[in-house]
Trainee: 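Please see the structure below; I have some questions.
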Amino acid sequence: MSDAFDIALRLVAVFVVFLVFPLVIGQTEHKVMAHMQGRLGPMYAGGFHGWAQLVADGVKFAQKEDIVPAGADRRIFQLAPAVALLPYLLVLVAIPIGPHNAVGQALDAGIFFVLAVMGVGVLGSLMAGWASANKFSLLGGLRTAAQLLAYELPMLLAAASVAMAAGTLSLPGIIEAFHWWWVPWQMVGGVVFFTAGLAELQRPPFDMPVADSEIIFGAYTEYTGLRFALFLLAEYAGIVVLCALTSVLFLGGWHGPFGGDGLGWLWTLVKTVILAFVVIWLRVTYPRLREDQLQKLAWTVLIPLALAQIALTGVVKVVISS
């Protein structure tokens, strides 16, 4: 009975994080972009620091009519938002936030699980593009597929470098094996992993598949109301997952300069929030890449860097073991 209660408590905690953190990231993006670009609306809606902006967006999406195109594959069209969103909930179950088994479910091959499930989320965009009976949506879905194929490999290679250094595929095991001197020689892998993750989430400057100025928001052209809001929520949930994974794999997770294990969850949260700010900052700062530049960056820059990182990790492991 106590085991069942413990499992239920962990699942509830993960579900609460899944519901709250993406909304916090979305609200933070409104504020950060408002400060950086001088946007007035998100700073004044509702009075104190624009607190009502997120509420207004929610009411707006809820009021919009839910339309399914006449020529669409209705079931696939309606299922696509859930397929895009739910994989991130499953990933959160396996990400440790603190020591002493502070994780939804510790998995022996946790790094394989989270990367595999994150890849499933992209199927939501493919389903949406194919089922919409719209040529712009189909092109957006195909671009999403091409982007996934290009950036999945460097992401996996960068994660493999950390697993090789730690000697385990378990996420808690990787954090327990972490040493601060890892940060300099694993930094290249961390940058590759983070950049590839942004591209898989289709975040600026890698948002060509959903760019309104190119193909009218890509695979989501025909979506309205709450179904469109679910795709946006999936994007912010993906930001939370990517930043948390980067902090766990490359920044030591719950390890911090002071406070001991009691503040482990706080260090994980701080690192995740800082990385989320970087994601927002990149959106505001850099222009969108062209499609050819996107593919060139993946195949000629990130993949060679990831392979070099694996080679360096192998050399360091041999030197240490000898």
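What you see is a predicted model; the values in this text were computed from it and never measured.
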Trainee: Determine the minimum heavy-atom distance between L148 and G119, stating which atoms define it.
Mentor: CD2-O, 4.5 Å

Trainee: Quick one: sort the W185 and W182 rings into parallel, tilted or perpendicular, breaks at 30° and 60°.
Mentor: perpendicular

Trainee: Within a radius of less than 6.0 Å around CG of D292, do more than 12 heavy atoms belonging to other residues, nucleotides or ligands occur?
Mentor: yes

Trainee: In terms of side-chain heavy atoms, does Y220 have a donor or acceptor partner in S125 at a distance below 3.5 Å?
Mentor: yes

Trainee: Does the side chain of T313 come under 3.5 Å of the side chain of Q186 through a donor N or O and an acceptor N or O?
Mentor: yes

Trainee: Hey, quick one: are V12 and F21 part of the same hydrophobic cluster, counting side-chain heavy atoms closer than 4.5 Å, chains of contacts allowed?
Mentor: yes

Trainee: Please determine whether residues L171 and L107 belong to a single hydrophobic cluster, defined as Ile, Leu, Val, Met, Phe, Trp and Tyr linked transitively by side-chain heavy-atom distances below 4.5 Å.
Mentor: yes

Trainee: Give the cluster check for I25 versus F194: same hydrophobic cluster or not, with ILVMFWY residues linked at side-chain heavy-atom distances below 4.5 Å.
Mentor: yes

Trainee: Would you call the rings of F61 and F228 parallel, tilted or perpendicular, where under 30° means parallel and over 60° means perpendicular?
Mentor: tilted

Trainee: Do D73 and W130 touch side chain to side chain, with heavy atoms closer than 4.5 Å?
Mentor: yes

Trainee: Are L307 and V316 connected in the hydrophobic side-chain network, where two residues link if heavy atoms are under 4.5 Å apart?
Mentor: no

Trainee: Quick check for you: to the nearest 0.5 Å, what is the distance between I175 atom CD1 and T268 atom OG1?
Mentor: 6.0 Å

Trainee: Which atoms form the tightest heavy-atom contact between S132 and F77, and what is the distance?
Mentor: OG-CE1, 3.5 Å

Trainee: Between the side chains of N134 and E222, is a donor N or O closer than 3.5 angstrom to an acceptor N or O?
Mentor: yes

Trainee: Take F231 and Y223 through the ring-ring contact (aromatic ring centres under 6.0 Å, His included) test and state the conclusion after the steps.
Mentor: CA-CA 9 Å; F231 279 115; Y223 281 87; 5.0 Å; yes

Trainee: Mind checking whether V240 and L198 sit in one hydrophobic cluster, side chains of I, L, V, M, F, W, Y counted as touching below 4.5 Å?
Mentor: yes

